[in-house]
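Order of listing sets the numbers, starting from 1, for every ligand and every atom in it. What you see below is based on every heavy atom in this structure, not just the backbone, and it leaves out hydrogens, waters and symmetry mates.
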Amino acid sequence: MTWLTDFWRSSIGGKVTMAVTGLLLFGFTVAHLLGNLQLLKGPDAINAYAKMLHDLGPLLWVARIGLLAIFVLHVVTAIRLSRANKAARPVPYAKDATMVATFASRSMLFSGLSLLAFVVYHLAHFTFGVTNPEHYAKKAAAAQGHDVYSMVTASFQVPAIAIAYAGFQIVLFLHLKHGIQSLCHTLGLHHGRYTPMIKTLSFVLAAGVAGGNALLALSVLLGIVKGAA
Ligand code: HEM
């Protein structure tokens, strides 16, 4: 096992860990959005999807624990790399060399930690029913306890919640866009010929995920997706 920790501690090992865990987390955001888009089809579609996930039983728990492990590894590695970078350059350059870096790349650690805060809030809201328990109660009130439609629509009918979710998607967009570019670089796709293609692809994928999430929150707020009767 020591070779694995030695690899993780190395600079390239840290970058590969960020790339692989980042790719898996990006896969989760796509799958999660595709599931949540069932909201647009109505209560039966999204509630059947929620029940199907729940019926996976122990498999769902394996997936959840795996997701949590990947998430923790991604965050811990990011903090370690950021500290190592700072330690390697204790005295800042007279002329800030990061000026050439994009806004998104400079703020990766900040956007990442904001995402962590969002996920903690999101789980407290929809998974554990700690914040706004009246929304969570709607999910559990249905006969089979999977009325995700009522819970999500009741939540996004509150302007502050819908606007916060939609606004937060800007942070998600910036993080995903730069993350996809970085992981392509780490995985060796940094030939100048590919750069414009990677930039376009990262923009489209990040905008697709963040835009899809914002669309869901705003569709409910604007009454395009109606609340449960
Ligand atoms: C409008 C956007 C979103 C909606 C409507 C939504 C909705 C939901 C719902 C209904 C649940 C499950 C609650 C339950 O029955 O236990 C959930 C879980 C979760 N969501 Fe979201 N979500 C959104 C965006 C996001 C984003 C952007 C992320 C991460 C970046 C995220 C991460 C998670 C995670 C990690 C879980 C826990 C998964 C599990 O344990 O099964 N969600 N979300």
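- Counting atoms of ligand 1 from 1 in the listed order, those under 4.0 Å from a heavy atom of Val148 are 10 (C).
- Ring geometry for His32 against Phe28 counts as parallel: the plane angle stays under 30°, on a 0 to 90° scale with 60° as the upper cut.
- Side chains of Phe156 and Leu218 form no contact here, defined as non-hydrogen atoms less than 4.5 Å apart.
- What sits closest to atom 12 (C) of ligand 1 on the protein, heavy atoms only, is Thr127 OG1, 4.2 Å.
- When the side chains of ILVMFWY residues are joined at heavy-atom separations under 4.5 Å, either directly or via intervening members, Leu172 and Val75 end up in a single hydrophobic cluster.
- Taking the side chain as every heavy atom from C-beta outward, Asn132 and Ser155 never approach each other to under 4.5 Å.
- Atom 37 (C) of ligand 1 has its closest protein heavy atom at Leu123 CD2, 3.3 Å.
- Contact annotation: Phe71 has no heavy atom less than 4.0 Å from any atom of ligand 1.
- Protein heavy atom in closest approach to atom 39 (C) of ligand 1: Arg64 NE, 3.2 Å.
- Taking the side chain as every heavy atom from C-beta outward, Ile170 and Phe173 never approach each other to under 4.5 Å.
- Taking a 4.0 Å cut-off on heavy atoms, Phe28 registers as neighbouring ligand 1.
- Between the side chain of Ser82 and the backbone N or O of Ala78 there is no donor-acceptor pair closer than 3.5 Å.
- Annotation: side chain of Leu221 is not in contact with side chain of Val158 (no heavy-atom distance under 4.5 Å).
- Distance check, rounded to the nearest 0.5 Å: CZ of Arg9 to CG of Leu4 gives 11.0 Å.
- With respect to atom 29 (C) of ligand 1, the closest heavy atom belonging to the protein is Val119 CG2, 3.9 Å.
- In Asn213, the parts holding a heavy atom less than 4.0 Å from any atom of ligand 1 are both the side chain and the backbone.
- Residue His122 places at least one N or O, backbone or side chain, under 3.5 Å from an N or O of ligand 1.
- The N/O atoms of His32, backbone and side chain alike, include one that comes under 3.5 Å of an N/O atom in ligand 1.
- Considering backbone and side-chain N/O of Gln169, none are found under 3.5 Å from N/O of ligand 1.
- Set against the non-hydrogen atoms of Lys139, the atoms of ligand 1 under 4.0 Å away are 14 (C), 15 (O), 16 (O).
- Among all protein heavy atoms, the one lying closest to atom 5 (C) of ligand 1 is Phe156 CE1, 3.8 Å.
- In this structure, NZ in Lys199 is found 12.5 Å from SG in Cys184, a value given to the nearest 0.5 Å.
- The shortest distance between side-chain heavy atoms of Leu81 and Met18 falls below 4.5 Å.
- When the heavy atoms of Asn36, Leu67, Val120, Leu33 are ranked by distance to atom 6 (C) of ligand 1, first place goes to Asn36.
- When the heavy atoms of Phe126, Phe26, Phe118 are ranked by distance to atom 9 (C) of ligand 1, first place goes to Phe126.
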